[in-house]
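For reference, positions follow the sequence shown, starting with 1. All values derive from a computational prediction rather than experimental measurement.
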Amino acid sequence: KIVAALYDDPKEGYPPKYARDSIPEVPFTTDVSIGDFTPGELLGCVSGELGLRKFLEARGHEYVVTSDKDGPDSVFEKEMQAADIVISQPFWPAYITEERMAKSPNLKMCVTAGIGSDHVDLQAAINRNITVTEVTFCNSISVAEHVVMMILGLVRNYIPSHDIARSGGWNIADCVSRSYDVEG
């Protein structure tokens with residue numbers, strides 16, 4: 001049994017189509033045909049199921065996905081007790097505590113669908129011989145994009161300029177007085 005705690009679907013619903021008509025072709029270094037997803041679709045929420053349901057169920061696994069992860073009466077708390085593997089996310093963590101592990105005698109692995117393990121009691125996992133793993137390198141491109149975005153935002157004075165425009169102003173001199181070109 002595999003239990004995943006994923007964040008809720010978008011409150012406003014999915015857009016009728018994606019912003020781009022097509023997603024650029026990305027050459028994968030591993031076989032992604034094992035999953036149940038289309039590149040570019042949102043997989044980390046409950047309805048996306050990490051693109052794993054068909055793959056896991058075809059191999060005889062029960063797969064439970066929920067966003068109800070907190071408290072003693074949560075779906076995650078109840079389902080985890082019979083789980084072999086639990087999956088959580090770094091920005092929507094289901095905390096895998098020593099108490100939860102004690103109630104889960106079959107638990108063999110805690111997977112972070114992302115990076116990090118601060119939501120898992122590592123010493124308790126070691127004591128119980130439970131593997132704790134993450135998807136290393138999974139967000140490296142996003143981190144690089146974020147860094148470039150932050151550099152541009154700071155160098156081009158984006159946030160103060162945005163604040164000026166939102167408050168009804170648009171004095172270009174105010175916006176560019178602390179803005180610089182990116183060169184080199």
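What you find for A113 and V135 is that their closest heavy atoms are CA-CG2, 4.3 Å. The minimum heavy-atom distance linking I115 with T136 is given by the pair CG2-CA, 4.2 Å. Between E62 and V64, the closest heavy-atom pair is OE2-CG2, 3.8 Å. Residue V3 comes nearest to E79 through the heavy atom pair CG2-O, 3.6 Å, listed as atom of the first residue, atom of the second, then distance. N157 approaches C175 most closely through the heavy-atom pair ND2-O, 3.0 Å. Closest approach of L43 to G51, counting heavy atoms only: CD2-N, 4.1 Å.
The closest donor-acceptor contact from the side chain of K108 to the backbone of N106 lies under 3.5 Å. In this structure, the side chain of S179 engages the main chain of R156 through a donor-acceptor pair within 3.5 Å. Panel note: side chain R53, backbone E49; no donor-acceptor pair is recorded below 3.5 Å. Looking at K69, its side chain never comes within 3.5 Å of a backbone N or O of V75 through a donor-acceptor pair. Here the side chain of Q89 pairs no donor or acceptor atom with the backbone of G114 at under 3.5 angstrom. Looking only at distances, no side-chain donor or acceptor of R100 sits under 3.5 Å from a matching main-chain atom of M80. A donor-acceptor pair is defined here as one N or O able to donate and one able to accept, closer than 3.5 Å; such a pair exists between the side chain of S88 and the backbone of A94.
V182 is listed as a side-chain neighbour of L152, based on a closest heavy-atom distance under 4.5 Å. Residues Y63 and L50 meet the side-chain proximity criterion, which asks for heavy atoms closer than 4.5 Å. Annotation: side chain of V46 is not in contact with side chain of Y7 (no heavy-atom distance under 4.5 Å). Proximity of E77 to D73: side-chain heavy atoms (C-beta onward) are nowhere separated by under 4.5 Å. Contact of the I2 side chain with the L56 side chain is registered, since non-hydrogen atoms from C-beta on lie closer than 4.5 Å. Side-chain contact between V86 and C110: present, with at least one pair of heavy atoms (C-beta onward) separated by less than 4.5 Å.
Cluster annotation: I164 is not connected to I172 through the hydrophobic network of ILVMFWY side chains, with a link wherever side-chain heavy atoms come within less than 4.5 Å. When the side chains of ILVMFWY residues are joined at heavy-atom separations under 4.5 Å, either directly or via intervening members, Y95 and W92 end up in two distinct hydrophobic clusters.
Within the structure, no pair that satisfies the salt bridge (charged side-chain N to carboxylate O under 4.0 Å, His left out) test touches residues 129-140, not counting sequence neighbours. Pairs engaging residues 119-172 under the ring pair (Phe, Tyr, Trp, His ring centres under 6.0 Å) rule: Y158-H162 [sequence neighbours left out].
Taken to the nearest 0.5 Å, the CD1 atom of I96 stands 8.5 Å off from the OG1 atom of T112.
Looking at D68 and S74, their side chains never bring a donor and an acceptor atom within 3.5 Å of each other. No side-chain N or O of T97 forms a donor-acceptor pair with one of D121 less than 3.5 Å apart.
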* After noting the C-alpha distance and the side-chain angles of M101 and I130, does the key distance pass the side chain to side chain contact (heavy atoms under 4.5 Å, CB included) rule? -> CA-CA 9 Å; M101 288 181 209; I130 297 171; 3.8 Å; yes
* To do: Starting from the C-alpha separation in whole Å, work towards a yes-or-no answer on side chain to side chain contact (heavy atoms under 4.5 Å, CB included) for L122 and S117.
  => CA-CA 8 Å; L122 295 176; S117 58; 3.9 Å; yes
* To do: Run the numbers on V111 and I85 for side chain to side chain contact (heavy atoms under 4.5 Å, CB included), then give the verdict.
  => CA-CA 7 Å; V111 179; I85 299 170; 4.0 Å; yes
* **side chain to side chain contact (heavy atoms under 4.5 Å, CB included) between C45 and L6, intermediate numbers included** => CA-CA 5 Å; C45 60; L6 305 178; 5.7 Å; no
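Between K1 and D84, none of the side-chain N atoms (NZ, or NE/NH1/NH2) sits under 4.0 Å from a carboxylate O, so this pair counts as no salt bridge.
Few gaps surround CG on N171; more than 12 heavy atoms of other groups in view lie less than 6.0 Å from it. Counting heavy-atom neighbours within 6.0 Å of I159 CD1, excluding the residue itself, gives a total of 12 or less. The number of heavy atoms from other shown groups lying within 6.0 Å of CZ (F91) does not exceed 12.
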